[in-house]
Undergrad: 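I'd like to ask you about the structure that follows.
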Amino acid sequence: VGLSVAYSRSFWRLSARGAGYAASHHTLPGTDVGGSFSLITAGGFACAGYPGAPFTFYGCIGGRFDHLKGTGTGVATTYSASTQIGSLAAGFTLEWSLTRRFRLRADVEAGYPLGEGRFRIKHDPVVVHEVDSLRGEAALELAVAF
C-alpha cells in the first residue's frame, strides 16, 4: 500500500512517495526456525518531462530510505532487529491525461542500495533474508490534479 504526492510545474515534477509492504515469512530448511520481515519505504524524486497530447513521458532521479524489520520465530525467545538502508534510484514515468483532473501514471524504477540489509539467525551462517543489491519496482497509479 502506498501514497504519492507530487508538484508539477511546466515540464518538471517533484514527488514524494511512501509505501508499506505486507510481512514476508521465511524459515530455515528442515526447521521451524526463521523470521518475519516487514518493509516501510519513503522516497523523493525530481522528474523532467517531454509533453505530448494526451501523454507525457518523464525521466526521474532520486532516492529512497527503507526501514527493514525482522522478527525471529520458532525459538523460545522472540528477537527483533531492524536496519535502515538508503538507495539511489532512477526511472521513468508515462502519464496519460484522462481528463483535466485525472491522470493515469505508470512508473518503472531501478535502485541501488548504499548499505547491506541482511538478517541471520544468531550463530548460524545461513542468511535468512537479504535485500537485493539492485532492485526494480513498477507501479500504476491514478492521480488527481488540483
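Predicted model only: the values in this text are computed from it and were never measured. Every heavy atom of this structure was used, including side-chain atoms; hydrogens, water molecules and symmetry mates were not.
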Undergrad: With sequence neighbours excluded, tell me which residues meet salt bridge (charged side-chain N to carboxylate O under 4.0 Å, His left out) with R64.
TA: E109, E137
Undergrad: Run the side-chain donor-acceptor check on residues 37-50: report pairs under 3.5 Å with partners two or more places apart or on a different chain.
TA:
| residue | atom | partner | partner atom | Å |
| --- | --- | --- | --- | --- |
| T41 | OG1 | D66 | OD1 | 2.4 |

Undergrad: For a quick test of reading the model, state the closest non-hydrogen atom pair linking S87 to P113 and the distance between them.
TA: CB-CA, 3.4 Å
Undergrad: Check for me, please, whether L142 and L140 land in the same ILVMFWY cluster - side-chain distances under 4.5 Å, paths through other members count.
TA: yes
Undergrad: Search all heavy atoms of E141 against all heavy atoms of D107 and return the closest pair with its distance.
TA: OE1-OD2, 3.6 Å
Undergrad: Got a sec, which residues hit ring-ring contact (aromatic ring centres under 6.0 Å, His included) with W12, two or more places apart in sequence or on another chain?
TA: none
Undergrad: We want to know whether S4 and S15 form a side-chain donor-acceptor pair, criterion being a heavy-atom distance below 3.5 angstrom.
TA: no
Undergrad: Does T99 offer a backbone N or O that forms a donor-acceptor pair with the side chain of S97 under 3.5 Å?
TA: no
Undergrad: As a quick check of understanding, evaluate side chain to side chain contact (heavy atoms under 4.5 Å, CB included) for F55 and E95, giving each step before the final call.
TA: CA-CA 6 Å; F55 296 99; E95 184 176 273; over 6 Å; no
Undergrad: Determine whether L94 and L98 fall in the same hydrophobic cluster, where Ile, Leu, Val, Met, Phe, Trp and Tyr are linked whenever their side-chain heavy atoms lie under 4.5 Å apart.
TA: yes
Undergrad: Please report the C-alpha distance between L104 and F102 in whole Å, then the side-chain angles of each, then the deciding distance to 0.1 Å, and finally whether the side chain to side chain contact (heavy atoms under 4.5 Å, CB included) criterion is met.
TA: CA-CA 7 Å; L104 188 62; F102 293 98; over 6 Å; no
Undergrad: Check step by step if side-chain hydrogen bond (donor to acceptor under 3.5 Å, both in side chains) holds for T71 and S80.
TA: CA-CA 4 Å; T71 303; S80 290; 3.2 Å; yes
Undergrad: Pair F57, F92 - check ring pair (Phe, Tyr, Trp, His ring centres under 6.0 Å), show working.
TA: CA-CA 7 Å; F57 179 80; F92 62 88; 5.6 Å; yes
Undergrad: Testing the basics here: between A6 and R105, what is the closest heavy-atom pair and its distance to 0.1 Å?
TA: CB-NH1, 4.3 Å
Undergrad: If you round to the nearest 0.5 Å, how far is CZ of F65 from CD of Q84?
TA: 4.5 Å
Undergrad: So which heavy atom on R17 is nearest to which on T93, and how close?
TA: NH2-OG1, 4.4 Å
Undergrad: Can you name the nearest heavy-atom pair linking L114 to I85, along with the distance?
TA: N-CG2, 4.4 Å
